Amino acid sequence: MKFFNHLTFGQYVPSESPVHRLDPRCKIIAVLVLLTGVFLAKHPAVFSVWGVLLACLTAAARLPFRLVLRSAKPVLILVLFTASIHIFFTSGTPLLSLGIVTISREGLVLAVYMGLRLLFLVLFASFLTLTTRPMELADGLERLFSPFTRFGFPAHELAMMMTIALRFIPTLLDETDRIMKAQLARGASFDRGGLWKRLKAFLPVLIPLFVIVFQRAEDLAVAMEARCYRGGAGRTRMSPLAWKGTDTAALLLVPAVVILLVTIDRSLA
Amino acid sequence: MEYHIPEIFGAGWNSPPAVKDLQVRSPRAERLIRCDSGADCEADRQGVREVRMEEDGEIRIFAPDACASGAFLFREAKFFMEATTVNSTRRMVWTALLSAVAAVLMYIDMAVPLFPRFLKLDLSDLPALVAAFAWGPAAGVFTELIKNLIHSLTTSTAGVGELANFLMGSALVVPAGLIYRRNRTRKGALAGLAAGTLSMTVTAALANYFFLLPFYSNFLPLEKIIAMSSAAIPAVRDMGTLVLYAVVPFNLLKGTVVSLATVQLYKRISTLIR
(Lines give C-alpha, C1' and ligand atoms only; values in the text may rest on other atoms or scores of the structure.)
Protein backbone atom coordinates (compact mmCIF):
# COMPACT_ATOMS: atom_id res chain seq x y z
CA MET A 1 0.00 0.00 0.00
CA LYS A 2 1.28 3.40 -0.94
CA PHE A 3 -0.06 6.50 0.74
CA PHE A 4 0.81 9.09 -1.87
CA ASN A 5 0.65 7.45 -5.27
CA HIS A 6 -1.87 9.99 -6.55
CA LEU A 7 0.65 12.83 -6.38
CA THR A 8 2.31 13.74 -9.62
CA PHE A 9 4.72 16.63 -9.26
CA GLY A 10 7.41 15.88 -11.75
CA GLN A 11 4.88 14.84 -14.36
CA TYR A 12 7.06 16.02 -17.23
CA VAL A 13 6.58 13.92 -20.36
CA PRO A 14 9.58 14.15 -22.67
CA SER A 15 8.75 14.58 -26.33
CA GLU A 16 10.03 16.40 -29.39
CA SER A 17 7.33 18.96 -29.99
CA PRO A 18 7.09 22.68 -30.72
CA VAL A 19 5.40 23.19 -27.34
CA HIS A 20 8.22 21.42 -25.52
CA ARG A 21 10.79 23.56 -27.31
CA LEU A 22 9.18 26.86 -26.32
CA ASP A 23 11.00 29.00 -23.80
CA PRO A 24 9.74 28.33 -20.25
CA ARG A 25 9.23 32.09 -19.74
CA CYS A 26 6.95 32.14 -22.76
CA LYS A 27 5.05 29.11 -21.50
CA ILE A 28 4.55 30.49 -18.00
CA ILE A 29 3.10 33.75 -19.32
CA ALA A 30 1.02 31.97 -21.98
CA VAL A 31 -0.50 29.58 -19.45
CA LEU A 32 -1.39 32.47 -17.14
CA VAL A 33 -3.13 34.22 -20.05
CA LEU A 34 -4.95 31.00 -21.01
CA LEU A 35 -6.13 30.45 -17.44
CA THR A 36 -7.54 33.99 -17.30
CA GLY A 37 -9.35 33.29 -20.56
CA VAL A 38 -10.86 30.01 -19.33
CA PHE A 39 -11.86 31.73 -16.15
CA LEU A 40 -13.74 34.46 -17.99
CA ALA A 41 -15.61 32.09 -20.35
CA LYS A 42 -19.37 31.92 -19.87
CA HIS A 43 -21.07 30.96 -23.12
CA PRO A 44 -21.49 27.25 -24.10
CA ALA A 45 -20.19 27.87 -27.65
CA VAL A 46 -17.04 29.51 -26.29
CA PHE A 47 -16.63 26.61 -23.87
CA SER A 48 -16.60 24.15 -26.72
CA VAL A 49 -13.98 26.30 -28.50
CA TRP A 50 -11.85 26.06 -25.36
CA GLY A 51 -12.26 22.29 -25.49
CA VAL A 52 -11.12 22.26 -29.13
CA LEU A 53 -8.17 24.47 -28.16
CA LEU A 54 -7.23 22.00 -25.46
CA ALA A 55 -7.30 19.15 -27.99
CA CYS A 56 -5.20 21.20 -30.44
CA LEU A 57 -2.66 21.98 -27.74
CA THR A 58 -2.44 18.30 -26.80
CA ALA A 59 -1.85 17.41 -30.42
CA ALA A 60 0.73 20.18 -30.86
CA ALA A 61 2.57 19.00 -27.76
CA ARG A 62 2.44 15.41 -29.12
CA LEU A 63 1.07 14.13 -25.82
CA PRO A 64 -1.29 11.17 -25.49
CA PHE A 65 -4.72 12.54 -24.58
CA ARG A 66 -5.08 9.96 -21.82
CA LEU A 67 -1.99 11.34 -20.13
CA VAL A 68 -3.31 14.90 -20.13
CA LEU A 69 -6.63 13.77 -18.69
CA ARG A 70 -4.80 11.88 -15.96
CA SER A 71 -3.45 15.14 -14.56
CA ALA A 72 -7.03 16.08 -13.66
CA LYS A 73 -7.32 13.09 -11.34
CA PRO A 74 -6.45 14.96 -8.11
CA VAL A 75 -9.29 17.45 -8.63
CA LEU A 76 -11.85 14.95 -9.90
CA ILE A 77 -13.55 14.78 -6.51
CA LEU A 78 -13.71 18.59 -6.34
CA VAL A 79 -15.19 18.75 -9.85
CA LEU A 80 -17.82 16.10 -9.07
CA PHE A 81 -18.61 17.78 -5.76
CA THR A 82 -19.11 21.19 -7.38
CA ALA A 83 -21.20 19.68 -10.14
CA SER A 84 -23.40 17.69 -7.75
CA ILE A 85 -24.08 20.78 -5.64
CA HIS A 86 -25.24 22.56 -8.77
CA ILE A 87 -27.39 19.62 -9.86
CA PHE A 88 -29.20 19.20 -6.57
CA PHE A 89 -29.45 22.76 -5.31
CA THR A 90 -30.57 24.70 -8.38
CA SER A 91 -34.27 25.32 -8.73
CA GLY A 92 -35.86 25.51 -12.21
CA THR A 93 -37.71 23.35 -14.70
CA PRO A 94 -37.76 19.86 -13.17
CA LEU A 95 -36.33 17.07 -15.33
CA LEU A 96 -36.29 14.18 -12.95
CA SER A 97 -37.75 13.74 -9.51
CA LEU A 98 -36.50 11.14 -7.06
CA GLY A 99 -38.38 11.54 -3.82
CA ILE A 100 -37.17 14.76 -2.22
CA VAL A 101 -34.38 15.33 -4.74
CA THR A 102 -35.29 17.14 -7.92
CA ILE A 103 -32.89 17.58 -10.81
CA SER A 104 -33.66 20.65 -12.85
CA ARG A 105 -32.60 21.50 -16.36
CA GLU A 106 -30.86 24.67 -15.22
CA GLY A 107 -29.05 22.73 -12.53
CA LEU A 108 -27.74 20.18 -14.99
CA VAL A 109 -26.52 22.89 -17.39
CA LEU A 110 -24.84 24.79 -14.56
CA ALA A 111 -23.24 21.62 -13.27
CA VAL A 112 -21.72 20.84 -16.67
CA TYR A 113 -20.43 24.43 -17.03
CA MET A 114 -18.88 24.68 -13.63
CA GLY A 115 -17.43 21.19 -13.81
CA LEU A 116 -15.92 21.90 -17.22
CA ARG A 117 -14.56 25.25 -16.11
CA LEU A 118 -12.73 23.68 -13.17
CA LEU A 119 -11.54 20.81 -15.33
CA PHE A 120 -10.27 23.13 -18.08
CA LEU A 121 -8.43 25.30 -15.54
CA VAL A 122 -6.58 22.26 -14.21
CA LEU A 123 -5.89 20.80 -17.64
CA PHE A 124 -4.51 24.03 -19.09
CA ALA A 125 -2.38 24.56 -16.00
CA SER A 126 -1.05 21.02 -16.29
CA PHE A 127 0.32 21.75 -19.76
CA LEU A 128 3.05 23.80 -18.15
CA THR A 129 4.31 20.91 -16.03
CA LEU A 130 3.68 18.30 -18.73
CA THR A 131 5.84 20.02 -21.32
CA THR A 132 8.45 21.77 -19.18
CA ARG A 133 11.15 20.20 -17.04
CA PRO A 134 11.07 21.41 -13.41
CA MET A 135 14.60 22.75 -13.88
CA GLU A 136 13.54 24.80 -16.90
CA LEU A 137 10.52 26.02 -15.00
CA ALA A 138 12.70 27.22 -12.14
CA ASP A 139 15.06 28.85 -14.63
CA GLY A 140 12.15 30.60 -16.30
CA LEU A 141 10.81 31.83 -12.96
CA GLU A 142 14.25 33.14 -12.06
CA ARG A 143 14.44 35.12 -15.27
CA LEU A 144 10.88 36.41 -14.89
CA PHE A 145 11.59 37.55 -11.34
CA SER A 146 15.02 38.97 -12.16
CA PRO A 147 13.78 42.56 -12.74
CA PHE A 148 12.96 42.60 -9.03
CA THR A 149 16.53 41.81 -7.98
CA ARG A 150 17.32 45.52 -8.03
CA PHE A 151 14.83 45.90 -5.17
CA GLY A 152 16.62 43.19 -3.28
CA PHE A 153 14.41 40.29 -4.30
CA PRO A 154 16.50 37.09 -4.35
CA ALA A 155 15.34 35.72 -7.71
CA HIS A 156 18.22 33.31 -8.16
CA GLU A 157 17.97 31.95 -4.64
CA LEU A 158 14.22 31.52 -5.01
CA ALA A 159 14.68 29.51 -8.19
CA MET A 160 17.44 27.46 -6.60
CA MET A 161 15.30 26.74 -3.53
CA MET A 162 12.39 25.76 -5.74
CA THR A 163 14.59 23.41 -7.75
CA ILE A 164 15.91 21.81 -4.58
CA ALA A 165 12.40 21.49 -3.14
CA LEU A 166 11.03 19.92 -6.33
CA ARG A 167 13.91 17.50 -6.48
CA PHE A 168 13.40 16.38 -2.88
CA ILE A 169 9.61 16.03 -2.85
CA PRO A 170 9.58 12.48 -4.30
CA THR A 171 12.34 11.48 -1.87
CA LEU A 172 10.41 12.93 1.05
CA LEU A 173 7.22 11.20 -0.08
CA ASP A 174 9.07 7.90 -0.05
CA GLU A 175 10.52 8.65 3.38
CA THR A 176 7.11 9.67 4.76
CA ASP A 177 5.62 6.53 3.34
CA ARG A 178 8.29 4.42 4.98
CA ILE A 179 7.90 6.12 8.36
CA MET A 180 4.11 5.76 8.25
CA LYS A 181 4.42 2.08 7.42
CA ALA A 182 6.92 1.61 10.23
CA GLN A 183 4.52 3.28 12.66
CA LEU A 184 1.59 1.25 11.34
CA ALA A 185 3.60 -1.91 11.92
CA ARG A 186 3.95 -0.78 15.53
CA GLY A 187 0.21 -0.38 15.89
CA ALA A 188 -0.33 3.28 15.03
CA SER A 189 -3.52 4.32 13.25
CA PHE A 190 -3.70 7.51 11.24
CA ASP A 191 -7.29 7.53 10.06
CA ARG A 192 -9.17 6.65 13.19
CA GLY A 193 -10.34 8.79 16.08
CA GLY A 194 -11.12 12.49 16.25
CA LEU A 195 -9.09 15.33 14.86
CA TRP A 196 -6.95 15.64 17.94
CA LYS A 197 -6.22 11.94 18.06
CA ARG A 198 -5.25 11.86 14.41
CA LEU A 199 -2.95 14.86 14.83
CA LYS A 200 -1.31 13.23 17.81
CA ALA A 201 -0.82 10.07 15.79
CA PHE A 202 0.88 12.18 13.12
CA LEU A 203 3.52 13.66 15.42
CA PRO A 204 5.57 10.42 15.56
CA VAL A 205 5.71 10.64 11.75
CA LEU A 206 6.74 14.29 11.65
CA ILE A 207 9.65 14.04 14.06
CA PRO A 208 11.63 11.39 12.16
CA LEU A 209 10.70 13.15 8.91
CA PHE A 210 12.22 16.42 10.14
CA VAL A 211 15.29 14.61 11.39
CA ILE A 212 15.80 13.07 7.95
CA VAL A 213 15.21 16.45 6.33
CA PHE A 214 17.80 18.13 8.53
CA GLN A 215 20.36 15.46 7.72
CA ARG A 216 19.71 15.81 4.01
CA ALA A 217 19.85 19.60 4.22
CA GLU A 218 23.15 19.46 6.04
CA ASP A 219 24.61 16.99 3.51
CA LEU A 220 23.45 19.09 0.58
CA ALA A 221 24.73 22.34 2.08
CA VAL A 222 28.15 20.78 2.67
CA ALA A 223 28.19 19.37 -0.86
CA MET A 224 27.32 22.77 -2.33
CA GLU A 225 29.91 24.51 -0.20
CA ALA A 226 32.51 21.96 -1.23
CA ARG A 227 31.77 22.76 -4.86
CA CYS A 228 32.13 26.49 -4.14
CA TYR A 229 28.50 27.43 -4.64
CA ARG A 230 28.28 31.12 -3.92
CA GLY A 231 25.01 32.38 -5.25
CA GLY A 232 23.77 33.53 -8.61
CA ALA A 233 26.40 36.06 -9.65
CA GLY A 234 28.79 34.66 -12.22
CA ARG A 235 27.14 31.26 -12.30
CA THR A 236 27.16 29.61 -15.71
CA ARG A 237 24.62 27.19 -17.09
CA MET A 238 24.83 24.05 -19.13
CA SER A 239 21.88 25.12 -21.27
CA PRO A 240 21.09 28.81 -20.94
CA LEU A 241 17.60 29.95 -21.90
CA ALA A 242 17.38 31.41 -25.38
CA TRP A 243 14.40 33.42 -26.57
CA LYS A 244 13.55 32.44 -30.14
CA GLY A 245 11.26 33.78 -32.83
CA THR A 246 8.71 31.05 -32.15
CA ASP A 247 8.46 32.26 -28.56
CA THR A 248 7.63 35.77 -29.67
CA ALA A 249 5.10 34.34 -32.12
CA ALA A 250 3.48 32.16 -29.45
CA LEU A 251 3.38 35.05 -27.04
CA LEU A 252 1.56 37.17 -29.64
CA LEU A 253 -0.77 34.37 -30.77
CA VAL A 254 -1.99 33.17 -27.37
CA PRO A 255 -3.15 36.54 -25.97
CA ALA A 256 -4.70 37.35 -29.38
CA VAL A 257 -6.75 34.12 -29.31
CA VAL A 258 -7.73 34.66 -25.69
CA ILE A 259 -8.79 38.27 -26.26
CA LEU A 260 -10.77 37.20 -29.32
CA LEU A 261 -12.55 34.42 -27.41
CA VAL A 262 -13.32 36.68 -24.46
CA THR A 263 -14.76 39.39 -26.72
CA ILE A 264 -16.91 36.83 -28.57
CA ASP A 265 -18.03 35.51 -25.20
CA ARG A 266 -18.94 38.98 -23.99
CA SER A 267 -20.88 39.82 -27.15
CA LEU A 268 -22.82 36.51 -27.03
CA ALA A 269 -23.73 36.86 -23.38
CA MET B 1 29.03 57.44 14.34
CA GLU B 2 32.67 56.53 14.08
CA TYR B 3 34.94 55.35 16.81
CA HIS B 4 38.17 53.46 17.16
CA ILE B 5 39.39 50.85 19.53
CA PRO B 6 43.16 51.24 19.79
CA GLU B 7 45.30 48.51 18.34
CA ILE B 8 45.46 45.33 20.33
CA PHE B 9 48.98 44.00 20.70
CA GLY B 10 50.20 41.25 18.47
CA ALA B 11 49.83 37.58 19.12
CA GLY B 12 53.52 36.84 18.78
CA TRP B 13 56.83 38.54 18.28
CA ASN B 14 56.75 40.81 15.26
CA SER B 15 53.48 39.35 14.03
CA PRO B 16 50.58 41.50 12.89
CA PRO B 17 47.90 42.16 15.48
CA ALA B 18 44.97 39.82 15.62
CA VAL B 19 42.44 42.61 15.81
CA LYS B 20 43.34 46.00 14.46
CA ASP B 21 40.35 48.18 14.94
CA LEU B 22 36.63 48.19 15.07
CA GLN B 23 35.04 50.78 12.89
CA VAL B 24 31.37 51.54 12.70
CA ARG B 25 30.23 53.22 9.54
CA SER B 26 26.57 52.52 8.97
CA PRO B 27 23.64 51.15 10.90
CA ARG B 28 24.05 47.98 8.85
CA ALA B 29 27.72 47.71 9.72
CA GLU B 30 26.93 48.30 13.35
CA ARG B 31 25.65 44.78 13.51
CA LEU B 32 28.77 43.32 11.99
CA ILE B 33 31.99 42.77 13.78
CA ARG B 34 34.96 43.72 11.68
CA CYS B 35 37.94 41.48 11.97
CA ASP B 36 41.11 42.35 10.16
CA SER B 37 44.20 40.40 10.87
CA GLY B 38 46.09 41.96 8.00
CA ALA B 39 47.87 38.64 7.77
CA ASP B 40 46.41 37.61 4.46
CA CYS B 41 48.56 39.40 1.91
CA GLU B 42 46.59 37.94 -0.99
CA ALA B 43 43.44 39.54 0.29
CA ASP B 44 45.36 42.73 0.91
CA ARG B 45 46.51 43.01 -2.67
CA GLN B 46 42.97 42.71 -3.91
CA GLY B 47 41.86 45.46 -1.59
CA VAL B 48 39.88 43.09 0.57
CA ARG B 49 40.92 43.90 4.07
CA GLU B 50 38.13 42.69 6.22
CA VAL B 51 36.13 39.68 7.14
CA ARG B 52 32.75 40.43 8.49
CA MET B 53 30.78 38.22 10.73
CA GLU B 54 27.10 38.31 11.25
CA GLU B 55 25.53 38.32 14.64
CA ASP B 56 22.20 36.88 15.44
CA GLY B 57 19.22 39.14 15.93
CA GLU B 58 19.88 41.94 13.50
CA ILE B 59 16.62 43.61 12.74
CA ARG B 60 15.19 45.07 15.85
CA ILE B 61 11.93 46.58 14.78
CA PHE B 62 8.58 45.09 15.38
CA ALA B 63 5.48 46.90 14.29
CA PRO B 64 2.42 45.13 12.85
CA ASP B 65 2.07 47.56 9.94
CA ALA B 66 5.73 47.23 9.12
CA CYS B 67 5.34 43.45 8.93
CA ALA B 68 2.54 43.71 6.48
CA SER B 69 4.22 46.18 4.18
CA GLY B 70 6.04 44.97 1.12
CA ALA B 71 8.98 47.21 1.90
CA PHE B 72 9.57 45.32 5.09
CA LEU B 73 9.46 41.98 3.35
CA PHE B 74 11.80 43.16 0.64
CA ARG B 75 14.30 44.35 3.20
CA GLU B 76 14.01 41.10 5.14
CA ALA B 77 14.39 39.17 1.91
CA LYS B 78 17.44 41.20 0.94
CA PHE B 79 18.98 40.62 4.32
CA PHE B 80 18.11 36.95 4.11
CA MET B 81 20.17 36.47 0.99
CA GLU B 82 22.72 39.22 1.40
CA ALA B 83 25.92 37.53 2.43
CA THR B 84 27.15 34.62 0.36
CA THR B 85 28.70 32.97 3.35
CA VAL B 86 28.56 29.39 4.51
CA ASN B 87 25.59 30.37 6.58
CA SER B 88 23.57 31.68 3.69
CA THR B 89 23.96 28.53 1.60
CA ARG B 90 22.92 26.46 4.59
CA ARG B 91 20.00 28.78 5.23
CA MET B 92 18.94 28.46 1.62
CA VAL B 93 19.17 24.66 1.52
CA TRP B 94 17.33 24.30 4.81
CA THR B 95 14.58 26.60 3.66
CA ALA B 96 14.29 24.66 0.40
CA LEU B 97 13.96 21.32 2.16
CA LEU B 98 11.48 22.65 4.68
CA SER B 99 9.43 23.98 1.74
CA ALA B 100 9.50 20.48 0.27
CA VAL B 101 8.11 19.11 3.54
CA ALA B 102 5.47 21.86 3.55
CA ALA B 103 4.45 21.01 -0.01
CA VAL B 104 4.09 17.35 0.96
CA LEU B 105 2.08 18.20 4.08
CA MET B 106 -0.19 20.51 2.09
CA TYR B 107 -1.59 17.45 0.33
CA ILE B 108 -2.39 15.66 3.58
CA ASP B 109 -5.40 17.65 4.70
CA MET B 110 -8.27 16.65 6.88
CA ALA B 111 -11.80 17.82 7.30
CA VAL B 112 -12.66 19.29 10.69
CA PRO B 113 -15.91 18.31 12.40
CA LEU B 114 -18.43 21.14 12.95
CA PHE B 115 -17.05 23.16 10.04
CA PRO B 116 -18.15 23.27 6.39
CA ARG B 117 -16.30 20.73 4.28
CA PHE B 118 -14.42 23.28 2.16
CA LEU B 119 -12.45 24.51 5.17
CA LYS B 120 -9.73 21.93 5.51
CA LEU B 121 -6.95 21.65 8.01
CA ASP B 122 -3.42 20.88 6.93
CA LEU B 123 -0.11 21.12 8.73
CA SER B 124 1.78 22.78 5.88
CA ASP B 125 2.46 25.90 7.96
CA LEU B 126 4.43 23.82 10.42
CA PRO B 127 7.70 23.66 8.42
CA ALA B 128 7.40 27.38 7.72
CA LEU B 129 7.16 28.04 11.46
CA VAL B 130 10.17 25.80 12.08
CA ALA B 131 12.07 27.76 9.41
CA ALA B 132 11.01 31.07 10.97
CA PHE B 133 12.13 29.93 14.42
CA ALA B 134 15.43 28.54 13.20
CA TRP B 135 16.43 31.12 10.57
CA GLY B 136 14.22 34.16 11.04
CA PRO B 137 10.90 35.36 9.61
CA ALA B 138 12.21 35.75 6.03
CA ALA B 139 13.01 32.04 5.89
CA GLY B 140 9.44 31.35 6.98
CA VAL B 141 8.02 33.63 4.30
CA PHE B 142 10.18 31.94 1.64
CA THR B 143 9.03 28.54 2.81
CA GLU B 144 5.43 29.67 2.38
CA LEU B 145 6.22 31.18 -1.02
CA ILE B 146 7.94 28.07 -2.42
CA LYS B 147 5.29 25.76 -0.99
CA ASN B 148 2.62 27.73 -2.79
CA LEU B 149 4.59 28.05 -6.02
CA ILE B 150 4.92 24.27 -6.07
CA HIS B 151 1.29 23.77 -5.13
CA SER B 152 0.21 26.14 -7.89
CA LEU B 153 1.73 23.76 -10.45
CA THR B 154 -1.23 21.50 -9.72
CA THR B 155 -3.66 24.29 -8.97
CA SER B 156 -7.39 24.02 -9.25
CA THR B 157 -8.04 27.71 -8.53
CA ALA B 158 -5.72 29.37 -11.09
CA GLY B 159 -3.39 30.36 -8.26
CA VAL B 160 -5.88 32.42 -6.24
CA GLY B 161 -6.16 29.84 -3.46
CA GLU B 162 -2.37 29.67 -3.35
CA LEU B 163 -2.07 33.45 -3.14
CA ALA B 164 -4.49 33.49 -0.21
CA ASN B 165 -2.63 30.65 1.47
CA PHE B 166 0.65 32.53 1.01
CA LEU B 167 -0.76 35.72 2.57
CA MET B 168 -2.26 33.85 5.53
CA GLY B 169 0.85 31.75 6.05
CA SER B 170 3.10 34.81 5.99
CA ALA B 171 0.81 36.58 8.45
CA LEU B 172 1.28 33.60 10.77
CA VAL B 173 5.01 33.17 10.29
CA VAL B 174 6.30 36.76 10.40
CA PRO B 175 5.06 37.78 13.88
CA ALA B 176 5.99 34.35 15.27
CA GLY B 177 9.51 34.57 13.86
CA LEU B 178 10.04 38.17 14.96
CA ILE B 179 8.90 37.63 18.53
CA TYR B 180 10.80 34.39 18.91
CA ARG B 181 13.97 36.03 17.64
CA ARG B 182 13.77 38.64 20.38
CA ASN B 183 12.96 36.11 23.05
CA ARG B 184 14.35 32.65 22.42
CA THR B 185 12.47 30.88 25.17
CA ARG B 186 9.42 28.69 25.40
CA LYS B 187 7.48 31.75 26.52
CA GLY B 188 8.71 33.73 23.53
CA ALA B 189 7.71 30.91 21.19
CA LEU B 190 4.22 30.75 22.68
CA ALA B 191 3.79 34.53 22.55
CA GLY B 192 4.97 34.57 18.94
CA LEU B 193 2.65 31.76 17.95
CA ALA B 194 -0.29 33.47 19.66
CA ALA B 195 0.45 36.74 17.85
CA GLY B 196 0.86 34.81 14.60
CA THR B 197 -2.45 33.01 15.05
CA LEU B 198 -4.25 36.30 15.66
CA SER B 199 -2.66 38.00 12.68
CA MET B 200 -3.41 34.99 10.47
CA THR B 201 -7.05 35.05 11.56
CA VAL B 202 -7.38 38.74 10.73
CA THR B 203 -5.68 38.21 7.34
CA ALA B 204 -7.86 35.20 6.60
CA ALA B 205 -11.03 37.10 7.42
CA LEU B 206 -10.02 40.01 5.18
CA ALA B 207 -8.81 37.77 2.35
CA ASN B 208 -11.97 35.67 2.44
CA TYR B 209 -14.29 38.63 2.52
CA PHE B 210 -12.59 40.69 -0.15
CA PHE B 211 -11.30 38.26 -2.74
CA LEU B 212 -11.45 34.60 -1.84
CA LEU B 213 -15.20 34.16 -1.41
CA PRO B 214 -16.00 36.46 -4.36
CA PHE B 215 -13.59 34.36 -6.44
CA TYR B 216 -15.05 31.03 -5.36
CA SER B 217 -18.52 32.33 -6.09
CA ASN B 218 -17.53 32.04 -9.77
CA PHE B 219 -17.65 28.27 -9.36
CA LEU B 220 -20.20 27.96 -6.62
CA PRO B 221 -22.70 30.76 -6.19
CA LEU B 222 -22.38 32.42 -2.81
CA GLU B 223 -25.90 31.41 -1.76
CA LYS B 224 -24.90 27.77 -2.13
CA ILE B 225 -21.71 28.19 -0.15
CA ILE B 226 -23.76 29.89 2.55
CA ALA B 227 -26.46 27.19 2.41
CA MET B 228 -23.77 24.55 2.77
CA SER B 229 -22.22 26.33 5.71
CA SER B 230 -25.46 27.07 7.51
CA ALA B 231 -26.13 23.34 7.50
CA ALA B 232 -23.04 23.04 9.69
CA ILE B 233 -23.34 26.35 11.54
CA PRO B 234 -26.91 27.69 11.76
CA ALA B 235 -25.81 31.26 12.51
CA VAL B 236 -24.39 31.76 9.01
CA ARG B 237 -26.77 33.89 6.94
CA ASP B 238 -24.67 36.00 4.57
CA MET B 239 -21.04 36.57 3.63
CA GLY B 240 -20.28 38.65 6.73
CA THR B 241 -21.62 36.03 9.12
CA LEU B 242 -19.95 33.29 7.09
CA VAL B 243 -16.59 34.96 7.67
CA LEU B 244 -17.38 35.68 11.32
CA TYR B 245 -18.75 32.27 12.32
CA ALA B 246 -16.88 29.92 10.00
CA VAL B 247 -13.63 31.49 8.75
CA VAL B 248 -12.58 33.23 11.99
CA PRO B 249 -13.11 30.27 14.38
CA PHE B 250 -11.64 27.90 11.82
CA ASN B 251 -8.45 29.92 11.51
CA LEU B 252 -8.18 30.35 15.26
CA LEU B 253 -8.45 26.58 15.53
CA LYS B 254 -5.99 26.02 12.71
CA GLY B 255 -3.51 28.46 14.24
CA THR B 256 -3.82 26.80 17.63
CA VAL B 257 -3.41 23.30 16.25
CA VAL B 258 -0.41 24.26 14.12
CA SER B 259 1.11 26.18 17.04
CA LEU B 260 0.72 23.30 19.47
CA ALA B 261 2.18 20.90 16.93
CA THR B 262 5.09 23.31 16.33
CA VAL B 263 5.83 23.62 20.05
CA GLN B 264 5.76 19.85 20.44
CA LEU B 265 7.93 19.31 17.39
CA TYR B 266 10.37 22.18 17.82
CA LYS B 267 11.15 21.15 21.38
CA ARG B 268 12.31 17.77 20.11
CA ILE B 269 14.19 18.82 16.99
CA SER B 270 15.70 22.14 18.08
CA THR B 271 18.86 20.39 19.27
CA LEU B 272 19.54 19.36 15.67
CA ILE B 273 19.34 22.91 14.33
CA ARG B 274 22.68 24.72 14.05
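Predicted model only: the values in this text are computed from it and were never measured. Within every chain, numbering begins at 1; the chains are lettered A, B, ... in the order of the sequence lines, protein sequences first and strands thereafter.
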Option in A:Ile207, A:Ile164, A:Leu128 with maximal non-hydrogen atom pairs under 4.5 Å from chain B: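 Between A:Ile207, A:Ile164, A:Leu128, the count favours A:Ile207.
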Review point. Based on non-hydrogen pairs under 4.5 Å, which of B:Pro127, B:Ala102, B:Ala261 is most in contact with chain A?
Key: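 The candidate making the most pairs under 4.5 Å is B:Pro127.
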Between B:Glu162 and B:Lys147, is there a side-chain N and carboxylate O pair less than 4.0 Å apart?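 Here B:Glu162 does not pair with B:Lys147 in a salt bridge, since their nearest N and O are not under 4.0 Å apart.
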Do the side chain of A:Arg117 and the main chain of A:Phe39 share a donor and acceptor less than 3.5 angstrom apart?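 Between the backbone of A:Phe39 and the side chain of A:Arg117 there is a qualifying donor-acceptor contact (under 3.5 Å).
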Just by distance, do the side chain of A:Gln183 and the backbone of A:Pro204 share a donor-acceptor pair under 3.5 Å?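 It does hold such a pair.
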>> Given heavy-atom pairs under 4.5 angstrom as the criterion, report whether the side chain, backbone, both or neither of B:Ile146 touches chain A.
In response: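 Contact with chain A is through the side chain of B:Ile146 alone.
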Taking CZ in A:Arg178 as the centre, count heavy atoms belonging to other residues, nucleotides or ligands within less than 6.0 Å. Is the count above 12?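 Counting neighbours around CZ of A:Arg178, 12 or fewer heavy atoms of other residues, nucleotides or ligands fall under 6.0 Å, so no.
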Query raised in the report: Is the CE atom of A:Met224 crowded by more than 12 outside heavy atoms at less than 6.0 Å?
Result: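 Yes, CE of A:Met224 has more than 12 neighbouring heavy atoms, counting only those of other groups under 6.0 Å.
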Portion of [X] that has a non-hydrogen atom of chain B nearer than 4.5 angstrom:
| X | result |
| --- | --- |
| A:Leu119 | neither |
| A:Glu175 | neither |
| A:Phe210 | side chain |

